[in-house]
Amino acid sequence: MGNAKLTVGLVYGGKSGEHEVSLQTAFAVMNSFDYDKYEIIPFYISKQGLWKVGETLSAPYSEVEQLKLADATEDMGTALNVVFSGLSGAEKTVDVMFPLLHGTYGEDGTIQGLFEMANIPYIGAGVLASSAGMDKVVMKKLFADAGLDQCEFCYFNISAWKRKSHELIVGVEDKLGYPVFVKPANLGSSVGISKAIDKESLVKAIDFAFRYDTKVIIEEFVDAREVEVGVLGNDEPEASVPGEIVSSGEYYDYAAKYTDGKSQMMIPAPVDSEVADRLRESAITAFRAIEGSGITRADFFLRRSDGKILINEVNTMPGFTPYSMYPLLWRETGVSYRALLDRMIELALERYNFKQGLKYDNE
């Protein structure tokens, strides 16, 4: 990267149910950068979607609350002018953007589209992969096309639910039985997810999921171990060792992930080498199915009855504190947290530089 410091724009917060998770992630990442190699410009997006930009930093903040940039101007134009500075012919203020946003308006391709319009490099998956990786229904259709095994599911939007709820309930009961898991189709971190064991709890779970999204997905219950694999790369992706989640609750919900501190990660997962290899191969297949680039974490069920591997979902912006599964998987594979940050930036610049060579006219 040469001797000059790269300027990284950290983008966090966001108009999402995962706003607080994003702040925790940003704080951890900010405190892990090598400030001999990088300087940081913080971008905070409020829950209302308003942008603020902070001063260039050569050292991290000491408290999470500072990430909200209380002293920065309320003028959104100031922040967005920094993002779009390269388009005006002026020297770019930021060399690469690092979106640390979870859920809607951050992990779903929207902000990736903004960075594409600004012609600025950014870390993580592109527009299509982010969008497909966010929508659990679209994701599962791509997995099916790639030949990956997965659990049975149903889905519908809020308009259909209002018009024919009885018919949809009967369809779910006939196809999936009970229990089932009801989820917003476009949200992560287990926000809005419920387990339903009968018709009454199913209706409540669907109404709850529709608080967060206009489309819900309902999945059959699978008695399985939960195993995750990290994928890193662009055209030649690599897979990490698998890790296993041992949830503190009945299933790996929001509390089990973030608040009760009782869930355990077993890295590497206690599976035999043949199963580990198949998990790694399936993770790369899932990555390619959504046309991924940069980073992705692929989550699987390992069914207890027969050991069958079922893809559950991919996460194109997985939790990224030093204690999150994704960086820990790579640490166990031999890639330190700082080396992982370096590699993610390299991959972002590699993809950007490749696209700069494409033609956008007919001459």
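Other residues, nucleotides and ligands contribute over 12 non-hydrogen atoms within 6.0 Å of the CZ atom of Arg225. Other residues, nucleotides and ligands place no more than 12 heavy atoms under 6.0 Å from the CZ atom of Phe354. The neighbour count for Glu274 CD, taken as heavy atoms of other residues, nucleotides or ligands under 6.0 Å away, is above 12. The neighbour count for Met117 CE, taken as heavy atoms of other residues, nucleotides or ligands under 6.0 Å away, does not exceed 12. Within a 6.0 Å radius of CG in Asp272, more than 12 heavy atoms belonging to other residues, nucleotides or ligands are found. The number of heavy atoms from other shown groups lying within 6.0 Å of CD (Glu200) does not exceed 12.
The shortest side-chain heavy-atom distance between Lys199 and His166 falls under the 4.5 Å cut-off. At least one side-chain heavy atom of Lys68 sits less than 4.5 Å from a side-chain heavy atom of Leu23. Within the 4.5 Å cutoff, the side chain of Pro237 has heavy atoms near those of the Arg288 side chain. A heavy-atom distance below 4.5 Å is not found between the side chains of Asn312 and Phe300. At least one side-chain heavy atom of Phe84 sits less than 4.5 Å from a side-chain heavy atom of Leu114. Taking 4.5 Å as the limit, every side-chain heavy atom of Tyr122 sits out of range of all side-chain heavy atoms of Ile111. Side-chain contact check for Pro60 versus Tyr35: some heavy-atom pair is nearer than 4.5 Å. Taking 4.5 Å as the limit, every side-chain heavy atom of Thr333 sits out of range of all side-chain heavy atoms of Glu238.
Here Arg278 does not pair with Glu281 in a salt bridge; the nearest charged N to carboxylate O distance is not below 4.0 Å. Under 4.0 Å is where a charged nitrogen must lie from a carboxylate oxygen, and between Glu228 and Arg297 at least one such pair does.
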query: Can you check ring-ring contact (aromatic ring centres under 6.0 Å, His included) on Tyr337 and Phe320, steps first, answer last?
result: CA-CA 9 Å; Tyr337 192 81; Phe320 204 77; 5.2 Å; yes
- request: Just do the side chain to side chain donor-acceptor pair (under 3.5 Å) check on Glu39 and Ser58 with the steps written out, would you?
  value: CA-CA 5 Å; Glu39 56 186 11; Ser58 55; over 6 Å; no
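Of the possible polar contacts, none joining the Lys37 side chain to the Leu6 backbone as a donor-acceptor pair under 3.5 Å is found. Using modelled atom types, no side-chain atom of Gln356 and backbone atom of Asn353 make a donor-acceptor pair closer than 3.5 Å. Using a distance-only test at 3.5 Å, with no hydrogens or angles considered, a donor-acceptor pair links the side chain of Ser324 to the main chain of Thr321. With hydrogens and angles ignored, the 3.5 Å screen pairs no side-chain donor or acceptor of Arg303 with any backbone N or O of Lys308. The main-chain N or O of Thr93 is found under 3.5 Å from a side-chain atom of Ser85 such that the two form a donor-acceptor pair. In terms of modelled atom types and a separation under 3.5 Å, the side chain of His102 and the main chain of Met317 share a donor-acceptor contact. Side-chain atoms of Arg351 never come within 3.5 Å of backbone atoms of Pro121 as a donor-acceptor pair (strictly under, hydrogens ignored). Panel note: side chain Glu152, backbone Glu220; no donor-acceptor pair is recorded below 3.5 Å. Remark: side-chain polar atoms of Arg338 are paired, donor with acceptor, to backbone N or O of Ser32 under 3.5 angstrom. Within the 3.5 Å criterion, the main-chain N or O of Leu100 finds a donor-acceptor partner in the side chain of Ser22.
Here salt bridge (charged side-chain N to carboxylate O under 4.0 Å, His left out) pairs that include residues 42-55, with residues two or more places apart or in two chains, are Glu20-Lys47, Lys52-Glu74.
Under the 6.0 Å distance and 45° angle rule, Lys195 does not count as a cation-pi partner of Tyr178. Under a cutoff of 6.0 Å and an axis angle of 45°, Lys136 and Tyr155 do not form a cation-pi pair.
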Tell me which donor-acceptor pairs under 3.5 Å the side chains of residues 201-217 have, and how far apart each pair is, sequence neighbours excluded?
from: Ser201; atom 1: OG; to: Ile197; atom 2: N; distance (Å): 2.9
from: Ser201; atom 1: OG; to: Asp198; atom 2: N; distance (Å): 3.0
from: Ser201; atom 1: OG; to: Asp198; atom 2: O; distance (Å): 3.1
from: Ser201; atom 1: OG; to: Asp198; atom 2: OD1; distance (Å): 2.8
from: Asp207; atom 1: OD1; to: Trp161; atom 2: NE1; distance (Å): 3.2
from: Asp213; atom 1: OD2; to: Ala185; atom 2: N; distance (Å): 3.2
from: Asp213; atom 1: OD2; to: Asn186; atom 2: N; distance (Å): 2.7
from: Asp213; atom 1: OD2; to: Asn186; atom 2: ND2; distance (Å): 3.0
from: Lys215; atom 1: NZ; to: Asp135; atom 2: OD1; distance (Å): 3.3
from: Lys215; atom 1: NZ; to: Asp135; atom 2: OD2; distance (Å): 2.9

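The aromatic ring centroids of Tyr44 and His19 lie less than 6.0 Å from each other. Outside the 6.0 Å centre-distance limit, the rings of Phe98 and Phe43 are not counted as a close aromatic pair.
The shortest non-hydrogen separation linking Pro99 to Met97 is CD-O, 3.5 Å. The two residues Ala125 and Ala129 make their nearest non-hydrogen contact at CB-CB, 3.8 Å. Nearest heavy atoms, Gly294 versus Asn234: N-OD1, 3.1 Å. In terms of heavy atoms, Val94 sits closest to Thr7 at CG1-O, 3.6 Å. Here the shortest heavy-atom pairing between Ser240 and Leu329 reads OG-CB, 3.5 Å. The minimum heavy-atom distance linking Gly126 with Ser293 is given by the pair N-OG, 3.7 Å.
Ring geometry for Phe33 against Tyr38 counts as perpendicular: the plane angle is over 60°, on a 0 to 90° scale with 30° as the lower cut.
Side-chain contact, Ser159 with Asn157: no donor N or O sits under 3.5 Å from an acceptor N or O.
Under the salt bridge (charged side-chain N to carboxylate O under 4.0 Å, His left out) criterion, Lys140 pairs with Glu219, not counting sequence neighbours.
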